[in-house]
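Since the structure comes first, as structure tokens, the remarks are kept for the end.
One is the number of the first residue; the rest follow in order along the sequence.
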Amino acid sequence: MRVLLTGSAGFIGSHIAEALAASGHEVRGFDLRPGAEVGDVRDHDAVARCLRGVDAVCHQAAMVGLGVDVFDLPAYAAVNVGGTAVLLAEMARAGVRRLVLASSMVVYGEGAYTCPRHGNVRPGPRAESDLRAGRFEPGCPVCGEPLEPGVVPEETVLDPRNVYADTKVAQEHLAASWARMTGGTVVALRYHNVYGPRMPLDTPYAGVAALFRSRLERGEAPLVYEDGRQLRDFVHVRDVARANVLALEHSESPGSRAHNGGLHTHNGGLHAHNGGLRAYNIASGTPRSIAEMAGALADVYGGPAPQVTGGYRLGDVRHIVASPERARRELGYEAAVPFAEGMAEFAMVGAGR
């Protein structure tokens, strides 16, 4: 298959390019950085040129991270939303009908929670007054009692809590509309906390694992926000790359199209009626606390030990854990890189060992 890979020179995109080539696919890279055909996903002519003769698109190009402040809004909207709209329009013009979209677990907002009295509930954004006072766990929106975190399924109603999440939800909606209008198929891969070699460092838009590693390289303790007990799922970038290969090959397989012109959507996607888009959680399936992850990196470096600061960032969610069971069942995806091994490799690459 000939695949146009946007964001091919980036952290995740570069691993996807290698995985696609290793699986026998022809990769056409497209990125603002050297190492690919240089171009901007917002440029109609450049996108149209790169779509000629391709069978499918793997869309990774995006601004990432929570954003620094409100002044980031135009850039996030222009690149993530506007760029995706340009890509979809040019795909329709070129007759390319298969898309794998890099989405994110941030589209869910807070994770799944259960109240002992009120069952499954969806807490709203945490108040800054609570965070400032060290009250990090969200309470039941009905009675205020403590909640038990659970696992988020793909059919959960989306509830973005920051600008990056807003743009990822918009990408999924745009892709689902494109699929309905063109008869195309979309596989949206909702990545959890991706880490591994080539992860960008020393930038306010970097992931938490990269920020911790940067401090350790300088001999400084990782600074852990809140109380360090917030849960995430850390998934290695090679597992994410393999998920993209599986998704592309699945979209090409017989029977992957439904009567609505897309992948079967009777209980998935954005909502049940969004024909043409099928979403998958791409995760390890084993949640870890932020403090545990920081400790694993510090152990490899031989210290210093992480410092739990009690600080916070508005827009952060407390817990977000999701099951990759649908991806295992339908795509054949399973995370292969163990947490300890992956974190050790990530740390040793940073230390030049």
Only counting residues at least two apart or in another chain, list the ones meeting side chain to side chain contact (heavy atoms under 4.5 Å, CB included) with [X].
X: Ala298; value: Leu216, Pro306
X: Glu37; value: Arg49, Cys50
X: Pro287; value: Val321

Roughly how far apart are [X] [atom1] and [Y] [atom2], rounded to 0.5 Å?
X: Thr84; Y: Gln171; atom1: OG1; atom2: CD; result: 3.5 Å
X: Arg328; Y: Leu246; atom1: CZ; atom2: CG; result: 13.0 Å
X: Arg180; Y: Ser177; atom1: CZ; atom2: OG; result: 4.5 Å

Under the side chain to side chain donor-acceptor pair (under 3.5 Å) rule, collect the residues that match up with Tyr312, sequence neighbours excluded.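 Per chain and number, Tyr312 pairs via side chain to side chain donor-acceptor pair (under 3.5 Å) with Glu128.
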Per the ring pair (Phe, Tyr, Trp, His ring centres under 6.0 Å) rule, what does the pair list look like for residues 177-196, sequence neighbours excluded?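 Pairs touching residues 177-196 that pass the test: Tyr195-His236.
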Considering only heavy atoms from C-beta outward, does the side chain of Tyr280 approach that of Pro324 to under 4.5 Å?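 Contact flag for Tyr280/Pro324 side chains = no.
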Face-on cation placement of Arg126 at Phe136 ring, 6.0 Å and 45° thresholds: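 Judged by the rule (NZ or CZ under 6.0 Å from the ring centre, within 45° of its axis), Arg126 is not positioned above Phe136.
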Aromatic Tyr225 / basic Arg313 pairing, under 6.0 angstrom, 45° off normal: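 That pair does not qualify as a cation-pi contact.
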Criterion side chain to side chain donor-acceptor pair (under 3.5 Å) on Gln60 and Asn244, from CA distance to verdict: CA-CA 10 Å; Gln60 306 294 314; Asn244 277 268; 3.1 Å; yes
Just wondering, more than 12 heavy atoms not from Arg229 lying within 6.0 Å of its CZ?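 It does not: Arg229 CZ has 12 such atoms or fewer within range.
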What are the two closest heavy atoms between [X] and [Y], and how far apart are they?
X: Ile282; Y: Ala327; answer: CD1-CB, 4.1 Å
X: Tyr76; Y: Val64; answer: OH-O, 2.6 Å
X: Met199; Y: Gly207; answer: CE-CA, 3.8 Å

Run the side-chain donor-acceptor check on residues 8-22: report pairs under 3.5 Å with partners two or more places apart or on a different chain.
from: Ser8; atom 1: OG; to: Phe30; atom 2: N; distance (Å): 3.1
from: Ser14; atom 1: OG; to: Gly10; atom 2: O; distance (Å): 2.8
from: Ser14; atom 1: OG; to: Phe11; atom 2: O; distance (Å): 3.2
from: Ser14; atom 1: OG; to: Arg198; atom 2: NH1; distance (Å): 2.9
from: His15; atom 1: NE2; to: Pro197; atom 2: O; distance (Å): 3.0
from: Glu18; atom 1: OE1; to: Arg198; atom 2: NH2; distance (Å): 3.2
from: Glu18; atom 1: OE2; to: Arg198; atom 2: NH1; distance (Å): 3.4
from: Glu18; atom 1: OE2; to: Arg198; atom 2: NH2; distance (Å): 2.9

